[in-house]
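Below: the structure, in C-alpha cells.
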Amino acid sequence: MTYPTVPAAPDHIELEHRVLRLWESERTFERLRAQNAGGAPFSFIDGPITANNPMGVHHAWGRSLKDLIQRHRAMKGHELRYQNGFDCQGLWVEVEVEKALGLNSKREIEEYGLDRFARACRDRVAEYSAVQTRQSIRLGQWMDWDRSYYTMTDPNIAYIWRFLKECHDRGMLYRGNRPMVWCPRCGTSLSQHELIDSYRDRTHPTLHVRFPFVDDPEQAVVVWTTTPWTLPANVAAAVDPEAEYAAVRTSQGIDWVMATRVEDLFGESADVVRTAPGAELVGRAYRGPFDALEAQAEVEHRVVAWDMVSDDEGTGVVHIAPGCGAEDFELGREEGLAVLVPVDEAGVFTADYGFLAGQATVDAADGIREHLAGEGVLVRSGTIDHRFPVCWRCGTDLIFRVVEEWFISADPVRQAMIDAAATVEWIPEQYGKRMEDWLRNMGDWCISRKRYWGLPLPFYRAPDGSMTVIGSIEELRERAVDPLDGLEELHRPWIDGIRIHTDDGQVAERVTEVGDCWLDAGIVPFSTLGWDRGSHVEGGYAAGAGEGLTAADLPDQAYWEKWFPADWISEMREQIRLWFYAQLFMSVVLVGRAPYRAVLGYEKLHDETGRAMHKSWGNAIWFDDAVEEMGADVMRWLYALQTPSQNMNFGYGPANEVRRRLLTLWNSYAFFVRYAEIDGFAPTWSDLAGRPPSATPLDRWVVARVEEAVRECDAALDGYWTPTYARAVEALVEDVSAWYIRGSRARFWRSGADADKDAAFRTLWWALAQISRLIAPAMPFLAEELWQGIVRGHADGAPDSVHLAGWPVVAEPDQGALQSMRLAQTAISLGRAARAQGSRKLRQPLREAVVATPDAQARAAVEGLADEIARELNVKAVRIADAVDELLDVEVVPNFRALGPKLGKDIPAVQAALKAGDYARDGDDVVVLGHRLGPDEVELRTRPREGFAVADEGGLAVAVDTELDEALEDEGLARELIHFIQGRRKDSGLEVADRIRLTVAGDERLRRVVERHGEEIAAETLCTALDVGEAIDGAPFEADGCSGAVRLEPA
RNA sequence: GGGCGAUUAGCUCAGUCGGUUAGAGCGCCUCUCUGAUAAGGAGGAGGUCCCUGGUUCGAAUCCAGGAUCGCCCA
C-alpha cells in the first residue's frame, strides 16, 4: 500500500471535514463504545448548555476540555456515558423568544397566549439544541448526540418536584416577603446568581433633598439619593448616632448634614451655626416630600439611628425606603417602619401615588424633581456616573422591590454542604476555597420566578392557606380534581388548569410561579441516572416537551449506583455558585453527599488583547467562523495549552502561532512518508506494544524520550491538567524533529537496505505512531490523519482508527540514554558556539573538537555519542578530555541542595574557601575546611582559558580546532558544490529520487576537488555520470575563491 | 469591610520539593544552515521576579504587611 501525498502544510479545514466523514462512514465512535463496554466506568456528567443561541468559542473551550479528558479515558479502556445536556427553561429562553416574536412585556406575552408562547420556547430549544449539536460535532466532540438530556422534559421536572417535596417535608421551604432585585422589563426578581457580572457604567440623576422638621420647619436634614423614584416611598432618614453633625445656614434655612461632609457640600466658607452628635437628631419627626400622596397618608417620618451610615459620599443622612432597598428593609424591620412598595411588576407607580401613577421609575425623575422644587425642598440636582446593576439578559436597570417569593432555607444543610464540598478535589485548588466561602455566606435559595416557561412549582394552596407539595406525576394524577386529558406536558399554561384535592378534602390551586433554572440543572445527577427508579424505560426521557428531541432512556437505581457520583465535571468558574452549587445542594438534601469527585474549573475567554469579548465592541469571534478558519484542532490545542486558572486570550493571532508550531509535527510526518514511500517501508504493528529495534544511541534515546513523554502526558491528564500535557507533547515533537530526524537523515537517504536503515525507519515510525496516539485526545483530526497515513493499512493488524488504538503502554524509559543525550546536546550547542567564535561555517569540515569535562560519568556518556557530536559539528574527530587540560580552568562549586542539610551555617565559609581555591582534591573527593565532600556534593565547573574557540556551560566545555589544511579546504569546497547542485536539482523541478548527469567545468582547484571527491558528490546528488569538462554553458558556480560552471541533465 | 487569585523579558506566559547562573513562544538585531524549507540552528539586546520586612546557610518560591489589577461576598 502506498503512502499518501503529504502537502507542505496541512489544510486543517479540509482534513477535518474528511476525517469527520471517515468517522461517520466507519462508525468509529460506535465501535469505540462497543470496544470499551464493560470497562471500568469513568463517570462524567455534562453541565447543560443553554439551548438558546449558537454556541460560542467560550463554550468550545469547555467542550474541548471535556472531550479531551473523555477521549483520554476512553483510550485507556474506560466505559463512558457520553451524555450531553441541554438547559431548556428559564428567563434566558423566554427573552430570546420575546425578541423573536416582537413582544416586550409580560402583558404582551399573556395576550399572545401562554400556550403559543410555550410552544415557541420549546421550538427555540429544539432549533438551537440541533445547531449546537452540529457545532459540537464539527469541533470533534464525541458524545451520544441522539441521547442528550433536556431539562424541560417531564422526568426532569418530576425529579425536581420530588426534591421540593423533600425540602417541604423537612420544613425548609417557605414563602417570604423580601426585597428582591427586580427587572421591571422582565417582570421578575433575579436571584443572587443572576447578579453575576451585572454591574455596568451608568449615568443616573441625583437629588439633594431637605426633610424639614415638623416642629421647626426652618431646620431640616438633607439627604442625597441616586434613585429619585424611591423618594415617594420614603419613611425615615437615618443618621449615625456616634458621628458629629453640623447645622449649616443656607438660603433655604438651616440644613443638618454630617460634619465631615460640610465642605464638600457647602464649600469652605459654609456658615456652620451649630454642631451636635447624630444621636441628638434621632427621633425628630420631619415632613416627607410626598406627604400629600394617598400612599403616604399613614406614614410618620422620623430620624432613626443606623450604624451603617457612611461619610464617603452623600450627606451623612440616608433616605430610607424599606420597600425599595435591601438594607432599608432590614433597618425598617428593626425600627418598625412602614414598607411602601410604590411600583408594580412592570416598574410602574401604582394608583395611590397621585400624579406619578402610571409612570415608570425611569421616567419619573423629572416629575419628582419638579415636585420637590415646587415644595421648596430641592437643594440641588445633578447626575452621577457609577456602576449599577442591570438585568443580565435584557440590560434594563434593576430596581429593588419587596415581593413575595419562595425560598429554601440554607441553614439546615449549610454544614453538610461544606463537609461534602471538602470531599471534592477542586482544580485549581483555590476554587474549593471559593466554594467554601460561598457556602458559609450563602443566603436562602430563592427558587421562584414570576414567569412562564419554566419548571412549574408544585405548590398547591388551599382556601385555608395550607399548602400541599406534589412530589411526582403519579401523585398529581391521584390528587387531580380536573381531568388530565388536556395536560400535554408539565408546563404552563396546561398545568395551571389542574386543581388537586388536599388530604383534608379541600380543593387547591397551583401557585403561578415557575422555578429557578438552576433547579433544572442541579437535579441532573439524579434525573438522568435513574435515582430511586424501579425500572429502566427505553427512550423514557423523551417525555413532555422533550418528545421527539431525544432518545435518552430513563434508567433505574442500579444504573445510578454505577454512575453516581460523577468522577469528574468541568465548567467555567462562575458555576461554583451556580451549577456546582445547585447540584451540591440537591445532592446533599437527597442523598447526603457530594455528586462529584473532581471538579475542573476554568476562567474567562477574552479576545487576544485581553479584553472581554462583546458583540457590540466588534471583537467577538463566532464559533462557526473560527472553526472554519483556524480549524478545530488548532482551536482545541489552544484550549489544551491554556492554564485553566488564567483568563484566556483567544484569537486568530495566537491560533496562527499554534498552527506554525504544529508544522514541526507535520514536517516530521511528511519526511517519514517521503522516504517510506521511496523505500517501500512496511512497519510492524507489534513494535508499538514494546520497543522498535535500535541500531544507534540516537535510536535508543528517542525511544526513551517518547516513553518519558507518554508518562508525563498520562500523569497530567490523570490529574485533569491539560497545559502540562500539551507542553510535554510540544517538547517531544521538537526533540523528535530537531534531534532525531535531523541527526538521522542520512540513514534514510542512503540507497539499499540494511539493519541500520530498518532500525531508523521502524524507530521513526514508532515515534510518530506513538505521538499520533498522544495527541489524539486533544487533536483528534490531526491524529487520525497521521494514523491513516502511516499506520492503518501499512502495519498488519493495526486498528482502523487512532481512537480505537488505545493509549500507549510504555516501558520505564532508559534514564541513561536520556541523560547522555542531554549532555551531548549541550556539547553540540557549545561546539556550534565555539565554531561561531572561530568564524568557521558549519559547512567547512574541521579536524577535531575537544569535549572536556572533569566528570568521569559525563565523559563516558559523551563518548558513546561521539559520532553524533562529530556529525552535528562537522568535525573529523571528537576527543574527550578531562578538564585538567590546557583548555580550561576548573572551579569547585558546592551542590547546595546536597550540602545544605549537611553543613547548614558553614555553607558560606565553605563556598568562599572553594572559590578562593583553598581546597585539596583527593581522588573524587574534595577536602575543604576539614569537610570531606563527595562527588555528589560538589559540582566541578569549567571556565575556558583565553585564546581558544571554547564555550562552556555547567561542567562541559567544547573547543574546536579551527586550523585548516588543503584537504579540509577541498572537502569544504566539495560541500559547497554539493549544496549548489542540490539547489539546481530543486530549481529544475526534479523529484527527490530522480537521477542526474553532471558536467562540471572550472579552475584547477575545482577540477581537483571534483576528482578527489567525485564519488561523494555523485552519491549525494544521485548523479550517475560526473564529467569534468571545459568552458561549458552551465550554471555559474562560485565559492571560496573558486569559480566554474555546472550543467545538470536528467539521467 | 471580608474572601480568592494575580503581579516574572517589549508582548503572551512557564517556573515542580526553597538550592545560589530564572526560562519558553512571539517580536527585534547579527550570523548561519538547508532536498523536512512559508522551516531549522547559533549568538545578542532585553529582568530591582510589584514593594517592604521576616524565616533560612540559601527566597521568584515560605511567612507578615503594603501597593496595583481581577474576581467573589457583604
Side-chain angles (χ1 to χ4, degrees), chain A residues 6 8-9 192 195-197 308 310 326-327 428-443 573-574 576-577 603-604 606 608-610 612 641-643 645-649 651 653-654 656-661 663-675 723-724 727 730-731 734 737-738 741-742 745 748-749 828-837 839-843 872 874 893-911 939 941 951 953-954 975 978-979 981-987 990-994 1020-1022:
Chain A
V6 179
Q192 290 181 353
L195 284 175
I196 290 168
D197 289 339
M308 304 227 345
S310 93
E327 294 92 4
E429 228 174 298
Q430 68 261 24
Y431 291 176
K433 299 185 202 165
R434 277 191 177 247
M435 176 57 103
E436 188 183 332
D437 184 57
W438 165 250
L439 293 174
R440 292 200 185 283
N441 294 303
M442 66 178 169
R573 193 205 58 214
E574 68 180 30
I576 288 170
R577 304 196 302 128
E603 291 289 320
K604 291 195 173 149
H606 289 162
E608 60 188 81
T609 68
L641 281 163
Q642 175 65 28
T643 304
S645 54
Q646 298 257 332
N647 287 337
M648 176 170 188
N649 297 349
N656 271 328
E657 260 187 48
V658 157
R659 178 153 46 186
R660 244 179 28 217
R661 284 216 297 279
L663 268 181
T664 308
L665 174 57
W666 188 260
N667 284 338
S668 303
Y669 165 64
F671 175 91
F672 171 85
V673 164
R674 165 170 291 176
Y675 291 101
T724 303
R727 279 196 289 266
E730 289 199 349
E734 182 65 26
S737 167
I741 296 183
R742 200 158 45 86
R745 272 180 300 191
F748 294 95
W749 298 336
I828 289 162
S829 118
L830 290 172
R832 285 179 184 141
R835 287 189 70 113
Q837 277 177 39
S839 307
R840 292 292 179 222
K841 293 196 212 182
L842 203 42
R843 210 177 288 145
E872 292 289 338
N874 194 17
V893 177
N895 177 350
F896 291 98
R897 195 189 282 273
L899 284 181
K902 178 172 167 183
L903 299 184
K905 287 181 199 289
D906 284 349
I907 282 225
V910 168
Q911 185 178 16
E939 192 183 326
R941 280 195 194 158
E953 185 182 304
R975 292 284 191 99
I978 291 167
H979 172 54
I981 294 165
Q982 300 288 35
R984 299 302 308 156
R985 277 185 64 110
K986 199 172 174 187
D987 292 347
L990 290 167
E991 290 301 317
V992 178
D994 288 346
E1020 288 288 329
T1021 60
L1022 299 184

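First the proteins, then the strands, lettered A, B, ... as listed; each starts at 1.
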Report summary line: When rounded to whole Å, the CE to C1' distance for the pair A:M435 and B:C71 reads 16 Å
Query raised in the report: Which nucleotide in the set B:G41, B:A39, B:G35 lies at the smallest distance from any side-chain heavy atom of A:E734?
Result: B:G41
Query raised in the report: What nucleotide, of B:G3, B:G40, B:A36, holds the atom closest to the side chain of A:S668?
Result: B:A36
Requested in this report: Please state how far atom CG in A:D437 lies from atom C1' in B:C71, giving the value in whole angstrom units.
Outcome: 12 Å
Query raised in the report: Roughly, in whole Å, what's the span from CD in A:E436 to C1' in B:C73?
Result: 14 Å
Requested in this report: Between B:G23 and B:C57, how far apart are the P atoms? Round to whole Å, please.
Outcome: 26 Å
Report summary line: Separation of B:A74 atom P from A:R434 atom CZ, nearest Å, is 14 Å
**Report entry** A:K433 side-chain N/O to B:G5 phosphate OP1/OP2 under 4.0 Å
**Finding:** yes
Requested in this report: Using the C1' atom as the reference point in each nucleotide, state the distance between B:A9 and B:U55 in Å, no decimals.
Outcome: 30 Å
Query raised in the report: For A:R745 and B:A36, is the shortest distance between a side-chain N/O and OP1 or OP2 below 4.0 Å?
Result: yes
Less than 3.5 Å apart, which donor and acceptor atoms pair up between the side chains of residues 663-671 of chain A and the rest of the protein, not counting sequence neighbours?
from: A:T664; atom 1: OG1; to: A:R661; atom 2: O; distance (Å): 3.2
from: A:W666; atom 1: NE1; to: A:P7; atom 2: O; distance (Å): 2.8
from: A:N667; atom 1: ND2; to: A:L663; atom 2: O; distance (Å): 3.4
from: A:S668; atom 1: OG; to: A:T664; atom 2: O; distance (Å): 2.9

Query raised in the report: On a whole-Å scale, what distance lies between the P atoms belonging to B:U48 and B:C11?
Result: 12 Å
Requested in this report: Return the value, rounded to whole Å, for the distance between atom CD of A:E429 and atom P of B:G3.
Outcome: 18 Å
Requested in this report: May I have the distance from A:N441 (atom CG) to B:C4 (atom C1'), rounded to whole angstrom?
Outcome: 12 Å
Query - Any donor-acceptor pair under 3.5 Å from A:N647 side chain to A:E603 backbone - result: no
Query raised in the report: About how many Å separate OG1 of A:T643 and CZ of A:R727, when rounded to the nearest 0.5 Å?
Result: 5.5 Å
**Report entry** C1' atoms of B:A59 and B:G3, separation to the nearest Å
**Finding:** 27 Å
Report task. Evaluate the side-chain proximity of A:Q430 to A:S645: yes if any heavy-atom separation is below 4.5 Å, no if none is. Result -> yes
Requested in this report: Between A:L663 and A:E603, just flag the one whose closest nucleotide in RNA chain B comes earlier from the 5' side.
Outcome: A:L663
Query - Spacing of the P atoms in B:A45 and B:G2 (rounded, Å) - result: 46 Å
**Report entry** Value in whole Å for how far the P atom of B:C73 lies from CD1 of A:I576
**Finding:** 11 Å
Report summary line: Of the candidates B:C72, B:C73, B:A36, the side chain of A:N667 sits closest to B:A36
**Report entry** Sidechain-backbone polar pair: A:Q642 side chain, A:N649 backbone, donor-acceptor under 3.5 Å
**Finding:** no
Dump every N/O contact between nucleotides 9-13 of chain B and the protein below 3.5 Å, one line per pair.
from: B:U12; atom 1: O3'; to: A:N649; atom 2: ND2; distance (Å): 3.1
from: B:C13; atom 1: OP1; to: A:N649; atom 2: ND2; distance (Å): 3.4

Requested in this report: Quote, to the nearest angstrom, the C1' distance that separates B:A24 from B:G66.
Outcome: 32 Å
Query - Nearest-0.5 Å distance, CE of residue A:M442 to CE of residue A:M435 - result: 9.0 Å
Query raised in the report: Which whole number of Å gives the distance between the C1' atom of B:C33 and that of B:A42?
Result: 10 Å
**Report entry** Closest-nucleotide 5' rank along RNA chain B - winner of A:R573 and A:R660
**Finding:** A:R660
Query raised in the report: On a plain distance test, is the side chain of A:S737 in donor-acceptor contact with the base of B:A36 below 3.5 Å?
Result: yes
Query raised in the report: If every non-hydrogen atom of A:R659 is compared with every non-hydrogen atom of A:N656, which pair is closest and at what distance?
Result: NH2-OD1, 2.6 Å
Report summary line: A:I741 atom CD1 is separated from B:G40 atom P, nearest whole Å, by 14 Å
Requested in this report: Taking Watson-Crick and G-U wobble pairs with both distances under 3.5 Å, convert RNA chain B into its dot-bracket string, 5' to 3', dots for unpaired and | for cross-strand pairs.
Outcome: (((((((..((((.....[...)))).(((((.......))))).....(((((..]....)))))))))))).
Query raised in the report: If you measure from the C1' atom in B:U56 to the same atom in B:C4, how many Å do you get, rounded?
Result: 29 Å
**Report entry** Short side-chain to backbone donor-acceptor contact, A:E734 and A:A738, under 3.5 Å
**Finding:** no
Query raised in the report: A:R434 versus A:D437: any side-chain heavy-atom pair under 4.5 Å?
Result: no
